[in-house]
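Reviewing the structure listed below.
No hydrogens, no waters, no symmetry mates; every other heavy atom, side chains included, goes into these values. A quick note: this is a predicted structure, and the numbers were derived from the prediction, not measured.
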Amino acid sequence: MGPRNYWAIFRRNWMVVVLATLLGGGGAAILSTNTVPLYSATSSIYFSLNFGNSANDLNAGSTYTQSQMLSFAILATSPSVLDPAIEQLKITTDAGSLASDITVTRPPDTVILQIAASSPSAADAASIANAVVTNLQAQVEKNAPKDIKGQSTVTARVIDAASAPKAPVSPNVRLNLTAGLLLGLIAGVLLALLRDLLDRRIRGVSDLSSITPAPIIGAIERDPKANEGGMVMLRDPLSPSAESYRALRTNLQFVVVDTSSLAVVITSALPGEGKSTVASNLALALAESEKRVVLVDADLRRPAIARYAGINGTV
């Protein structure tokens with residue numbers, strides 16, 4: 001199936017594709033409108049080791065601190081940090097629920113943790129992030145190894161306090177609309193292809209060629225003035241429709257080049273598909289080339305040739 005075939009499928013099913021795209025965009029818009037906005041605020045904390053003054057000691061301290069960053073990140077969402085934060089903020093939740101709203105990230109090759117808190121309220125998001133960082137600082141210094149003076153060997157400092165964000169991080173209306181329109185478009189295209197695959201109707205010469213090995217000897221152009229009545233070979237002999245009957249006549253003559261006589265039976269699958277119209281105009285096209293033509297109406301249910309020719313058909 002080439003590009004022309006896909007384009008033809010799209011032209012036949014463009015309303016399906018457009019409707020599916022609009023439905024996808026509309027669904028995304030409704031979802032975005034009904035989604036509660038969520039704000040996110042981030043606070044950062046820096047860790048260092050209070051040990052030694054030489055370059056080797058400082059390097060060893062830095063290596064030790066980096067090795068402990070995963071432990072500090074896990075500690076940030078533990079009840080020992082979150083329970084005091086909940087009590088400090090006086091919010092009605094538990095450590096497990098609050099932990100799902102906390103995201104801890106560490107920039108590569110650093111000793112910094114970024115604590116992000118999400119909440120439907122911008123002010124609450126900032127308050128939670130700051131409370132978690134403050135309590136994480138206290139817990140790290142409390143649980144870190146002590147020096148000979150009983151002081152914590154790890155120092156945690158808040159280097160960036162969270163502030164109330166001005167815009168929500170979700171829903172992302174633009175992203176949702178783009179995704180909805182794209183998914184709707186994909187669904188529409190797939191539906192159009194499926195609809196074309198299940199459609200068994202014959203729409204043109206290419207459809208006929210794909211289902212039968214028999215040669216196609218002619219294709220009649222649609223007559224835009226067919227409702228005006230009369231045969232196109234008489235009414236409009238220079239029209240494309242009339243020329244297609246002449247092409248059919250010529251092709252039929254080439255089919256029987258070894259004989260001077262030609263007998264053609266014209267039929268169709270259903271009533272009203274144009275048997276009488278084709279037979280009448282083909283007879284005129286043959287007569288136009290100075291052939292002697294006999295036109296027999298064999299339709300015993302709804303004969304129409306006499307009406308087309310303007311003669312009495314009762315006999």
Side-chain angles (χ1 to χ4, degrees), residues 15-47 69-108 110-140 156-191:
M15 290 189 66
V16 174
V17 176
V18 171
L19 181 60
T21 303
L22 292 178
L23 286 176
I30 294 174
L31 180 64
S32 299
T33 303
N34 294 331
T35 300
V36 178
L38 196 65
Y39 295 86
S40 179
T42 303
S43 183
S44 301
I45 184 171
Y46 173 86
F47 299 93
M69 294 303 292
L70 178 59
S71 299
F72 298 156
I74 296 175
L75 182 62
T77 55
S78 67
S80 61
V81 171
L82 298 184
D83 283 339
I86 292 171
E87 184 177 353
Q88 176 185 342
L89 298 173
K90 294 181 174 57
I91 54 179
T92 55
T93 186
D94 54 33
S97 300
L98 184 59
S100 63
D101 297 328
I102 303 296
T103 302
V104 182
T105 57
R106 173 200 172 192
T110 69
V111 288
I112 297 174
L113 287 183
Q114 296 175 331
I115 312 296
S118 301
S119 174
S121 167
D124 289 348
S127 299
I128 293 172
N130 289 328
V132 170
V133 164
T134 301
N135 287 279
L136 174 62
Q137 179 185 22
Q139 287 297 320
V140 167
R157 289 183 292 129
V158 178
I159 59 175
D160 186 14
S163 58
K166 297 181 180 179
V169 293
S170 69
N172 190 329
V173 179
R174 180 179 298 179
L175 178 62
N176 290 349
L177 284 177
T178 302
L181 290 171
L182 183 60
L183 290 176
L185 176 62
I186 294 174
V189 171
L190 293 177
L191 184 59

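Between F47 and L113 the shortest side-chain heavy-atom distance falls below 4.5 Å. Within the 4.5 Å cutoff, the side chain of V158 has no heavy atoms near those of the S44 side chain. Annotation: side chain of I128 is in contact with side chain of I102 (closest heavy-atom distance under 4.5 Å).
Between atom OG1 of residue T134 and atom CD1 of residue I45 there is a gap of 8.0 Å, rounded to the nearest 0.5 Å. Annotation: the span from S118 atom OG to D124 atom CG amounts to 12.0 Å, rounded to 0.5 Å. If you take CG on L191 and CD1 on I186, they are separated by 13.5 Å, rounding to the nearest 0.5 Å. With rounding to the nearest 0.5 angstrom, the CG atom of L98 is 5.0 Å from the CD1 atom of I86. A distance of 7.0 Å separates OG1 of T21 from CG of L181, quoted to the nearest 0.5 Å.
Every residue was checked against the side-chain contact (heavy atoms from CB on, under 4.5 Å) condition with D101, not counting sequence neighbours, and none meets it.
Annotation for I112 and R106: closest pair O-CG, 3.5 Å, computed over non-hydrogen atoms. Of all heavy-atom pairs spanning T110 and M69, the tightest one is O-CG, 4.1 Å. Contact between T77 and L82 at its shortest, heavy atoms only, is O-CD1, 3.6 Å. Annotation for A125 and S119: closest pair N-CB, 3.8 Å, computed over non-hydrogen atoms. Considering all non-hydrogen atoms of both residues, N176 and A28 come closest at O-CB, 3.1 Å. Of all non-hydrogen atoms in P37 and P168, the two that sit nearest each other are CB-CB, 4.0 Å.
For the ring pair (Phe, Tyr, Trp, His ring centres under 6.0 Å) condition, no pair includes a residue of residues 166-190, sequence neighbours left out. Pairs of residues two or more places apart, or lying in two chains, never qualify as ring pair (Phe, Tyr, Trp, His ring centres under 6.0 Å) while including a residue from residues 83-107.
Without hydrogens or angle criteria, S100 side chain to S97 main chain gives a donor-acceptor distance under 3.5 Å. Within the 3.5 Å criterion, the main-chain N or O of A161 finds no donor-acceptor partner in the side chain of N130. Formation of a donor-acceptor pair under 3.5 Å by the Q114 side chain with backbone atoms of T105 is not found in this model.
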